[in-house]
Amino acid sequence: MVRVVRTLLGSPPCGRWSPDGALGGDHMHRVMVVDDEALVRSGLQMILGSAADIDVIATCAGAEAVEEIRRHRPDVALLDIRMPEVDGLAVLRELVGWPDAPVVAMLTTFHSDEFVAEALGAGAAGFLLKDTEPAQLIAAVRALALGEGVLSPAVTRTVIDGYRGRTGPPASVARVEAMSPREREVLGLLGLGLSNAEIGRRLYLSTATVKDYVSAVLAGLGVANRVQAAVVAQEAGIVPPEDKAQ
């Protein structure tokens, strides 16, 4: 399960594709998939293309990623974290300096990928396992397009462990103590990887109100995104057991 904290074989390395029946308009989420394996690109393209509000505008391998992302300007870029020529981390570092950079989520097949924490520090908004269920993958991409982080629970421990042995987590856990009770409650649910809508249902708040709380939490912690906030929540020990958060 993914918590939304979101070419066909034989085709050339990079190609444009739009699913039949895709709707036009500003509500379409423009997505690009970067992976060196054609089979992975094809699978992700078909899954995401089945959603009426997602347009997979291009796919390519790592070596062409920066050029193709600059040309197609997607809203969301899914980058394989491990690629033989130019890996996802190298592409991510290039993208973060752009004023209109896409939201980036890293794709990995490993539950314990040592590059996950590094990608988080470089500005990735999410991490997804390649075996994520189709419906959850679609939900994750929608969340990314709306500015929410996504984190597969299997990757959460890797992210947290990646910060151990360093000078500290991405923000001081002491800052959590200065938050209001409601802000700590929201932060705890961010630690479970819940979306704004899911947090709203748990706390009986509107999505707009939750969004305001999340913004306050990020500012208070001094972190860049929800995934980094989730790490702090885990480190601070305020994440509720998932069965109690239902």
Side-chain angles (χ1 to χ4, degrees), residues 1-6 76 81 92 103-108 110-129 132 136-137 139-164 166 168-203 205 207 210-246:
M1 174 182 264
V2 173
R3 286 298 182 181
V4 179
V5 203
R6 215 216 309 254
V76 176
I81 201 169
L92 174 61
V103 177
V104 174
M106 311 303 292
L107 297 168
T108 177
F110 303 94
H111 289 218
S112 57
D113 195 315
E114 66 269 25
F115 297 130
V116 166
E118 187 176 351
L120 173 62
F127 303 89
L128 296 168
L129 295 176
T132 298
Q136 294 163 4
L137 177 65
V141 166
R142 286 171 175 156
L144 287 163
L146 295 174
E148 299 186 8
V150 297
L151 188 64
S152 295
V155 182
T156 304
R157 179 50 52 189
T158 302
V159 173
I160 295 169
D161 289 345
Y163 280 94
R164 295 193 176 172
R166 301 186 182 187
S172 173
V173 172
R175 296 181 183 178
V176 175
E177 299 177 1
M179 292 181 171
S180 70
R182 180 64 90 184
E183 287 173 343
R184 286 196 295 273
E185 199 170 15
V186 169
L187 177 59
L189 294 176
L190 285 177
L192 285 176
L194 302 187
S195 68
N196 288 350
E198 289 171 324
I199 293 173
R201 287 194 292 270
R202 302 293 197 275
L203 302 181
L205 299 173
T207 301
V210 173
K211 183 176 180 181
D212 290 339
Y213 273 117
V214 170
S215 296
V217 166
L218 298 185
L221 293 176
V223 297
N225 57 51
R226 301 161 68 96
V227 181
Q228 291 178 339
V231 174
V232 177
Q234 295 279 353
E235 290 283 359
I238 64 169
V239 179
E242 191 162 359
D243 58 346
K244 294 184 179 180
Q246 301 300 318

Please name the pair of heavy atoms, one in [X] and one in [Y], separated by the smallest distance, quoted to 0.1 Å.
{"X": "Glu177", "Y": "Arg184", "result": "O-NH1, 3.6 Å"}
{"X": "Met106", "Y": "Ala119", "result": "CG-CB, 3.9 Å"}
{"X": "Ala125", "Y": "Val103", "result": "CB-CG1, 3.7 Å"}
{"X": "Ala197", "Y": "Thr207", "result": "CA-OG1, 4.0 Å"}
{"X": "Ala233", "Y": "Leu187", "result": "CB-O, 3.4 Å"}
{"X": "Arg202", "Y": "Leu189", "result": "CB-CD1, 4.0 Å"}

Measuring only between side-chain heavy atoms, which start at C-beta, is [X] closer than 4.5 Å to [Y]?
{"X": "Leu205", "Y": "Ile199", "value": "no"}
{"X": "Val176", "Y": "Glu235", "value": "no"}
{"X": "Arg182", "Y": "Leu203", "value": "yes"}
{"X": "Leu192", "Y": "Glu198", "value": "no"}

[X] side, atom [atom1]; [Y] side, atom [atom2] - distance, nearest 0.5 Å:
{"X": "Leu146", "Y": "Lys211", "atom1": "CG", "atom2": "NZ", "result": "8.5 Å"}
{"X": "Thr108", "Y": "Leu129", "atom1": "OG1", "atom2": "CG", "result": "6.5 Å"}
{"X": "Asp212", "Y": "Asn196", "atom1": "CG", "atom2": "CG", "result": "9.5 Å"}
{"X": "Leu218", "Y": "Glu183", "atom1": "CG", "atom2": "CD", "result": "10.5 Å"}

Is the side chain of Gln234 donor-acceptor paired with the backbone N or O of Val239 at a distance under 3.5 Å, no angle test?
no

